[in-house]
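The structure under discussion appears below in the form of structure tokens.
The chains referred to below are lettered A, B, ... by the order of the sequence lines, with proteins before strands, and numbering in each begins at 1.
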There are 2 protein chains.
Amino acid sequence: MTVTLDDERLDAVFAALADRTRRDIVARLSEGEATLTELAAPYEMTLQAVSQHVGVLERCGLVSRGRHRQTRPCRLEPLALATAGSWIEESRRAWTERMDRLEAHLTDLQDDR
Amino acid sequence: MTVTLDDERLDAVFAALADRTRRDIVARLSEGEATLTELAAPYEMTLQAVSQHVGVLERCGLVSRGRHRQTRPCRLEPLALATAGSWIEESRRAWTERMDRLEAHLTDLQDDR
DNA sequence: CGCTTTATAAAGCGACTGCTTGACTAAGGC
DNA sequence: GCCTTAGTCAAGCAGTCGCTTTATAAAGCG
């Protein structure tokens, strides 16, 4: 279930998530598809700025877009999200396992006394 | 088990992870503590550059440092890692649940025919 | 005490970001 | 054929990032 990506892609995905407007867009897309104009509505910034944010999400694979009449609906791509999550979990797992071994070792030492 | 952080902190954590040198440092710290000089050894860049990377990791809470003789050993703080992971998992969960509901709905429609 | 080791502080530089404005394209509705 | 709707392209600008060089501090060793 672990998905591995090259460094370049991980760079891009984490960089994309390092902006609260883009995280907000991702969160909203996790509730369903939306057009650019719908996505832009809640923000004070221009439509162009939101379009650029969506562009960042698209380029790193977090979002894909279709075509429907004049609109280009955005949808979340959970695979890219999963790869970032997997990377984090892997580091956390290694750290936790090491701590568990350390604790077990200390308990052994205590038992020996 | 879900840890929530404010936007500002999430910005910082994801931005910190958006650099492969820093991800590399995190991965190595997940295998155990290390001093700055130890961390810097594998890279071609200067010690100062690595110190700045560690500073970024420290400021966003991913790393903490102690004191031992002249060294200031770095250790991973898995909580900050967990919060970033939780944010990702939450979005993925929402998307997956929505897809499951959608699929169930489509199956219902098919059964009705 | 000086000398080395370990680390931090500050300034500078090229590259990149987030956002704006202004101009443009493409699809539909009248 | 025009006008609106939905979106893109491109240039510009202030601010930040990654890294360097240079200088400095603080702890241990001879």
*So, is B:Arg69 close to the D:dA26 phosphate, meaning a side-chain N or O under 4.0 Å from OP1 or OP2?*
no
*May I have the distance from B:Asp11 (atom CG) to D:dC17 (atom P), rounded to whole angstrom?*
11 Å
*asked:* Can you list everything that forms a salt bridge (Lys or Arg N to Asp or Glu O under 4.0 Å) with B:Arg98? Sequence neighbours excluded, please.
replied: none
*Quickly work out the B:Gln52 CD to C:dG12 C1' distance and round it to whole Å.*
12 Å
*Between the main-chain N or O of B:His68 and the side-chain N or O of B:Thr71, is there a donor-acceptor pair closer than 3.5 Å?*
yes
*Between atom CE in A:Met45 and atom P in D:dC13, what is the gap in whole Å?*
22 Å
*Report the distance from atom CZ of A:Phe14 to atom P of D:dC17, rounded to the nearest whole Å.*
18 Å
*In whole angstrom, give the distance that lies between atom CZ of B:Arg23 and atom C1' of D:dG18.*
15 Å
_Tell me whether B:Thr83 contacts the main-chain N or O of B:Ala80 through its side chain, where contact means a donor paired with an acceptor under 3.5 Å._
yes
*Grab the NE2-P distance between A:His68 and D:dG7 for me, whole Å please.*
12 Å
*asked:* Are the side chains of B:Thr96 and B:Asp100 in contact, using a 4.5 Å heavy-atom criterion?
replied: yes
*Specify the separation, in whole Å, of atom CG of B:Asp19 and atom P of D:dC17.*
12 Å
*Please, which pairs that meet side chain to side chain donor-acceptor pair (under 3.5 Å) have at least one residue in residues 51-64 of chain A, sequence neighbours excluded?*
A:Arg22-A:His53, A:Ser64-A:Glu77
*Does the pair B:Glu31 and B:Arg28 meet the rule for a salt bridge (charged side-chain N to carboxylate O under 4.0 Å, His left out), with working shown?*
CA-CA 5 Å; B:Glu31 305 290 342; B:Arg28 285 170 62 208; over 6 Å; no
*Taking C-beta and beyond as the side chain, do A:Arg65 and A:Leu36 meet within less than 4.5 Å on heavy atoms?*
yes
*Return the value, rounded to whole Å, for the distance between atom CD of A:Glu8 and atom P of C:dC16.*
13 Å
*For each nucleotide in nucleotides 1-8 of chain C, reading 5' to 3', give B when a protein heavy atom comes within less than 4.0 Å of its base, S when such contact involves only the sugar-phosphate, and - otherwise.*
-----SBB
*Think B:Arg22 has a side-chain N or O under 4.0 angstrom from the OP1 or OP2 of D:dG18?*
yes
*Identity of whatever pairs with D:dG30 - Watson-Crick or G-U, under 3.5 angstrom*: C:dC1
